[in-house]
Visitor: 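Pasting a structure below so you can have a look.
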Number of protein chains: 2
Amino acid sequence: MAKIDMIPLRIEDVMDRTDDSLIALRRIMRATELYARELAHSAGLTPAQLRVLQIVDEKGSATPKALAKQMGVSQATITTLVDKLVSRDQVRRVPSETDRRQTNVTITESGHETLVNAPDALQQKFVREFEGLQEWEQAMLVAALERVASMLDAEEIDAAPVLTTGDLHIGRRRI
Amino acid sequence: MAKIDMIPLRIEDVMDRTDDSLIALRRIMRATELYARELAHSAGLTPAQLRVLQIVDEKGSATPKALAKQMGVSQATITTLVDKLVSRDQVRRVPSETDRRQTNVTITESGHETLVNAPDALQQKFVREFEGLQEWEQAMLVAALERVASMLDAEEIDAAPVLTTGDLHIGRRRI
DNA sequence: CGCTGTTATTTTAACGGTCGAAGCAAACAA
DNA sequence: TTGTTTGCTTCGACCGTTAAAATAACAGCG
């Protein structure tokens with residue numbers, strides 16, 4: 001073991017650091033959640049609807065089942081969300097050619113437009129600041145975040161590089 | 001400048017690291033959110049209700065206005081949440097002595113019991129693993145998390161060392 | 001071919017969270 | 001005192017969510 005391991009360690013210090021880490025984590029969550037609301041609001045959609053739109057746009061097309069799995073909600077929920085998006089001409093339901101039980105949800109030009117125009121200031125701010133860091137700082141942050149992520153999630157999660165609070169139900173109000 | 005700054009840097013590497021950081025962040029969010037649901041469910045409460053209970057327990061007592069501010073929702077929402085908790089004998093409404101417009105929400109023994117029995121496995125898992133790390137690793141994680149948090153949140157957020165997805169659920173819509 | 005079981009999706013019914021607006025009561029200010 | 005602000009609740013409406021039931025279509029299998 002390296003000498004540094006032999007430095008006396010007070011239990012209070014460990015506790016403090018644990019609290020610090022939890023507090024920092026919660027700040028991260030809260031900032032992301034609050035921003036997700038604002039983002040969805042300014043895009044004219046609810047966060048849940050926007051999340052569907054993002055996934056569909058990212059994957060090209062997705063079945064309700066796949067959407068449900070990725071968002072961690074039931075298929076019934078996806079049905080209602082897609083209904084809303086269809087009524088707003090943001091996505092389309094395209095019957096599958098190979099399996100007529102399936103429907104592929106695809107994005108419309110209008111839907112893509114919505115995503116392009118979504119300001120997404122939080123992610124932009126983060127990306128901007130992140131890319132302004134020193135190389136070793138970036139590496140350290142990535143290592144730390146991945147470490148924390150692996151400490152938290154049990155199963156594998158395929159996460160896209162999109163900073164949102166995936167699944168929350170939510171609503172929106174009229175402008 | 002240190003020599004390390006002079007190492008050639010390819011733009012692809014920066015991009016990759018940015019994506020990596022966003023992906024890790026999203027994994028953290030998702031794990032926390034999914035767990036918040038499970039936790040609230042096993043405690044017999046909804047996530048929003050549990051959050052109110054946690055805040056009230058932590059602060060001893062809180063007015064609806066303070067709760068609304070801390071959770072980032074309207075007072076009307078707090079009213080309904082507190083209604084539910086009161087009907088379950090988790091909290092009490094105590095009229096303020098000093099200002100009869102105000103109501104102080106306090107936790108009941110039963111409510112405190114609920115929190116104590118809440119398994120909160122995610123936080124426990126994180127805390128356990130975190131405290132099993134080397135001292136320098138803990139320090140690195142805290143530094144990284146705090147760095148990220150400060151990169152994300154604009155204004156100050158008073159975050160308690162409780163790992164939850166504070167405020168979900170929003171909104172409304174009118175078609 | 002027809003029967004059976006499985007899978008994908010939608011529908012239905014019910015509930016919780018959320019908001020804005022309106023209402024009410026108490027505190028405050030002029 | 002009177003008008004204004006403040007704290008909270010009520011009301012009405014909508015969204016997100018789920019479990020369970022209903023549809024529909026695929027896959028075997030004899």
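So you know, we letter chains A, B, ... as the sequences are listed, proteins then strands, and number each from 1. Hydrogens, waters and symmetry mates play no part in the numbers below; they use all other heavy atoms, side chains included.
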Visitor: Could you work out, with salt bridge (Lys or Arg N to Asp or Glu O under 4.0 Å) as the rule, every residue matching B:Asp89, not counting sequence neighbours?
Guide: none

Visitor: Kindly write out the residues that satisfy side-chain contact (heavy atoms from CB on, under 4.5 Å) with A:Ala76, not counting sequence neighbours, or none if the list is empty.
Guide: A:Ser74

Visitor: As an exercise, state the distance from CD of B:Glu113 to CD1 of B:Ile107, rounded to the nearest 0.5 Å.
Guide: 10.5 Å

Visitor: Give me the residues of residues 94-106 of chain B where at least one heavy atom lies under 4.0 Å from an atom of DNA chain C, by number, or none.
Guide: B:Asp99, B:Arg100, B:Arg101

Visitor: With the threshold set at under 4.0 Å for non-hydrogen atoms, list the residues of residues 77-85 of chain B touching DNA chain C in residue-number order.
Guide: B:Thr77, B:Thr80, B:Leu81, B:Lys84

Visitor: Flag the pair B:Gln70 / B:Arg51 as yes when at least one side-chain heavy-atom distance between them is below 4.5 Å, and no otherwise.
Guide: yes

Visitor: Figure out the NZ/C1' separation between B:Lys69 and D:dT6, and round it to whole Å.
Guide: 15 Å

Visitor: Does any non-hydrogen side-chain atom of A:Val105 lie less than 4.5 Å from one of A:Thr63?
Guide: no

Visitor: Expressed in angstrom and rounded to an integer, what is the separation of B:Gln75 atom CD from D:dC8 atom P?
Guide: 6 Å

Visitor: All N/O contacts under 3.5 Å from nucleotides 19-21 of chain D to the protein, with atom names and distances to one decimal?
Guide:
none

Visitor: List the residues meeting side-chain contact (heavy atoms from CB on, under 4.5 Å) with A:Lys69, not counting sequence neighbours, and say none if there are none.
Guide: none

Visitor: Over how many whole Å does the gap from B:Leu67 atom CG to C:dG17 atom P extend?
Guide: 14 Å

